[in-house]
Peer 1: 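Just dropping this structure here.
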Amino acid sequence: MINVKSFTAVLVSALILGVLYLCNSLSYRTSPQQNISPNNISPNNISPNNMSPKNRLSADVNAVNAISNEVHLVAPEHLQYEQPSIVQGSRTDVVTVTPWMAPIVWEGIFNQVLLDSIYKPKNITIIATVFAVGNYIRFLKKFLETAEQHFFVGFKVHIYVFTDRPNDVPHVTMASGRQLMVRLVPSSKRWQEISARRMELIQILIEEQLPNNRNYIFCLDVDSQFHGRWGSESLGGLVAVTHPGYYRDSRSNFPYERGPSSRAYIAPGEGDFYYCGGAFGGLLQEVHQLAKTCRHNFEADAKEGIEAAWQEESHLNRYMWINKPTKVLSPEYLWQDFKPRNPEIHIVRFSGVVKNYAEIRPNP
């Protein structure tokens, strides 16, 4: 005779283990064409399959906690706000959801008070990385000053500045809970090398300094400034920003890597949107996987004498074609100062400044 209590306990345990395994598998996803072999994994980059049972359990718990942050959205009681509708939207001039059901964030489709009231109690930290190498250091002061005014105001924010000129990092007064960390990196004679190394440095930063998978990270271009709110509406598992220069174009005009020998290759007729390399983010574990995969593919290409058309941006677009973003930000989140605003752009939140590349880049 089967003991019902024992059978129930075993069944519940099996279900819990199954959920943990599924969450862990999803959180360390890679595409079939972008797998990293064990021979390419360093001691500081240990996959869950190589962990001890104790560490693997800890990773499982962190993965579940991170996913819980995304799916368990608790609003405070008695918060009053305008009634939402499912038959009449506030924006009819733009598309607000992708074919894979990820939100596309535009001004007017979200309630910032409601979102902030959901995310602030989670006690999360928003990490931002910015690279100010060589003459790009001149853009850092405005970047930091405008971030204080608009980027996740009221949240804990840690900004990591990668630079070869630490003595030139400007002093900017930051609000309580906001910190600036400076990490020294070598100079380079080619801007392409600086661009390409970003994925490697982001990967190492997450592995060595950012163990809490419940937090979020955004990787941003320093030669840009904030002009409007960038906040909790942008949080998601894997977050992409549509490029302001191509969001109205046919995919045939996207500057994807078209050389079949490159691991960044996207064939004609393939791809969704063209995403910016100058702004992307998400949960730490998701961005870590993106950075690790793009770095591996870039380095594998380099060994064969291949450099993708737009370096890490090309590899990022390849990665996000296979690993779909869970949230897509409209071009409001990275516009270009030299471009006139299109009618659907109701607000510019973050924008690349006008600059003379001959003055700031070490090579053409």
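Here the structure is a predicted model, which means the values were calculated and not measured.
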Peer 1: Hey, are E207 and Q203 close enough side-chain-wise for a donor-acceptor pair under 3.5 Å?
Peer 2: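 Looking only at side-chain atoms, E207 and Q203 do form a donor-acceptor pair, the distance falling under 3.5 Å.
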
Peer 1: Counting only N and O atoms by type, is there a donor-acceptor contact under 3.5 Å from the side chain of D164 to the main-chain atoms of P186?
Peer 2: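 Not at all, since once roles are kept as given, no pair shorter than 3.5 Å links the two residues.
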
Peer 1: Keeping the roles fixed (side chain from R318, backbone from Y265), state whether a donor-acceptor pair exists under 3.5 Å.
Peer 2: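 At least one qualifying donor-acceptor pair exists.
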
Peer 1: How close do L73 and Y119 get, heavy atom to heavy atom, and via which atoms?
Peer 2: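 Between these two residues, the closest heavy atoms are CD2-OH, 3.8 Å.
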
Peer 1: What pairs meet the ring-ring contact (aromatic ring centres under 6.0 Å, His included) rule with one or both residues in residues 337-356, with sequence neighbours excluded?
Peer 2: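 Residue pairs passing ring-ring contact (aromatic ring centres under 6.0 Å, His included), neighbours aside: F226-F350, W230-F350.
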
Peer 1: In Å, rounded to the nearest 0.5 Å, how long is the span from CD1 of I202 to CG of L284?
Peer 2: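 Nearest 0.5 Å value for the CD1-CG distance: 11.5 Å.
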
Peer 1: Please determine whether a side-chain nitrogen of the Lys or Arg among D221 and R198 lies less than 4.0 Å from a carboxylate oxygen of the Asp or Glu.
Peer 2: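 Answer for the salt bridge query: yes.
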
Peer 1: Taking R263 first and then E304, would you say they form a salt bridge - that is, a charged N and a carboxylate O separated by under 4.0 Å?
Peer 2: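 E304 and R263: salt-bridged.
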
Peer 1: Of the non-hydrogen atoms in V105 and S330, which two are nearest, and what is the gap between them?
Peer 2: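 So the minimum-distance heavy-atom pair works out to O-OG, 2.8 Å.
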
Peer 1: Give the minimum heavy-atom separation between V287 and G282, together with the two atoms involved.
Peer 2: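 Looks like CG2-N, 3.6 Å.
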
Peer 1: Tell me whether L180 is reachable from V153 by hopping between hydrophobic residues (I, L, V, M, F, W, Y) whose side-chain heavy atoms are closer than 4.5 Å.
Peer 2: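 No, because V153 and L180 fall into different hydrophobic clusters, even though each may have its own neighbours under 4.5 Å.
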
Peer 1: Considering non-hydrogen atoms only, spot the tightest contact between F273 and T98 and give its length.
Peer 2: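 Taking F273 first and T98 second, the nearest heavy atoms are CE1-CG2, 4.0 Å.
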
Peer 1: Enter the distance from E233:CD to L114:CG here, rounded to the nearest 0.5 Å.
Peer 2: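 Rounded to the nearest 0.5 Å, the CD-CG separation comes out at 12.0 Å.
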
Peer 1: Does the pair E148 and R178 meet the rule for a salt bridge (charged side-chain N to carboxylate O under 4.0 Å, His left out), with working shown?
Peer 2: CA-CA 9 Å; E148 279 298 295; R178 300 171 74 94; 2.7 Å; yes

Peer 1: Side chains of E344 and Y247: is there a donor and an acceptor less than 3.5 Å apart?
Peer 2: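 Checked: E344/Y247 side chains pair up, N/O donor to acceptor below 3.5 Å.
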
Peer 1: Any chance you could lay out the salt bridge (charged side-chain N to carboxylate O under 4.0 Å, His left out) test for K324 and D272, step after step, and finish with the verdict?
Peer 2: CA-CA 9 Å; K324 304 296 189 190; D272 299 309; 2.5 Å; yes

Peer 1: Could you walk me through whether E107 and R349 pass the salt bridge (charged side-chain N to carboxylate O under 4.0 Å, His left out) test, one step at a time?
Peer 2: CA-CA 10 Å; E107 172 68 6; R349 305 178 188 279; 2.5 Å; yes

Peer 1: Rounded to the nearest 0.5 Å, how far does CG of L220 lie from CD1 of I159?
Peer 2: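 Output value for this atom pair is 8.5 Å.
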
Peer 1: Around atom CD of Q80, are there more than 12 heavy atoms of other residues, nucleotides or ligands at under 6.0 Å?
Peer 2: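 Open: at most 12 neighbouring heavy atoms sit under 6.0 Å from CD of Q80.
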
Peer 1: What pair of heavy atoms forms the shortest contact from E313 to G278, and how long is it?
Peer 2: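 In this case the closest contact between E313 and G278 is OE2-N, 4.4 Å.
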
Peer 1: Please report the closest heavy-atom contact between S234 and V239, naming both atoms and the distance.
Peer 2: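 Result for this residue pair: O-CG2, 3.4 Å.
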
Peer 1: Honestly curious: do V113 and I347 fall in one hydrophobic cluster under the side-chain, below-4.5 Å linking rule?
Peer 2: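 Hydrophobic grouping puts V113 apart from I347.
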
Peer 1: Kindly say whether the aromatic ring centers of Y274 and Y256 come within a distance under 6.0 Å.
Peer 2: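 Aromatic pair counts; centres sit under 6.0 Å.
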
Peer 1: Whether the side chain of N215 engages the backbone of T125 through a donor-acceptor N/O pair (distance < 3.5 Å, no angle test) should be reported.
Peer 2: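 At least one qualifying donor-acceptor pair exists.
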
Peer 1: Would you say the side chain of I345 lies within less than 4.5 Å of the side chain of P331, judging by non-hydrogen atoms?
Peer 2: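 Yes. Closest side-chain heavy atoms under 4.5 Å.
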
Peer 1: When you measure from the side chain of R91 to the backbone of G108, do you find a donor-acceptor pair of N or O atoms at a distance under 3.5 Å?
Peer 2: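 Not a single qualifying donor-acceptor pair exists.
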
Peer 1: Can you tell me which residue among L210, V182, L201 is in a side chain to side chain contact (heavy atoms under 4.5 Å, CB included) with Y160?
Peer 2: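 With Y160 as partner, side chain to side chain contact (heavy atoms under 4.5 Å, CB included) holds for just one option, L210.
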
Peer 1: Salt bridge between K141 and E145, side-chain N to carboxylate O under 4.0 Å?
Peer 2: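 A salt bridge is present here (some side-chain N lies under 4.0 Å from a carboxylate O).
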
Peer 1: If I take atom CD1 from residue I217 and atom CD1 from residue I127, how far apart are they, to the nearest 0.5 angstrom?
Peer 2: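 If we round to the nearest 0.5 Å, I217:CD1 and I127:CD1 are 6.0 Å apart.
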
Peer 1: If hydrophobic clusters are built from ILVMFWY residues whose side chains come within less than 4.5 Å, do V348 and V354 share one?
Peer 2: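 No.
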
Peer 1: How many angstroms lie between atom CZ of F298 and atom CZ of R197, to the nearest 0.5 angstrom?
Peer 2: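 Between atom CZ of F298 and atom CZ of R197 there are 11.0 Å.
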
Peer 1: Quick one: do R341 and E332 satisfy salt bridge (charged side-chain N to carboxylate O under 4.0 Å, His left out)? Show the steps, please.
Peer 2: CA-CA 10 Å; R341 241 192 246 188; E332 298 168 359; over 6 Å; no

Peer 1: Supply the atom-to-atom distance C294 SG to M199 CE, rounded to the nearest 0.5 angstrom.
Peer 2: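 Separation between the atoms: 4.5 Å.
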
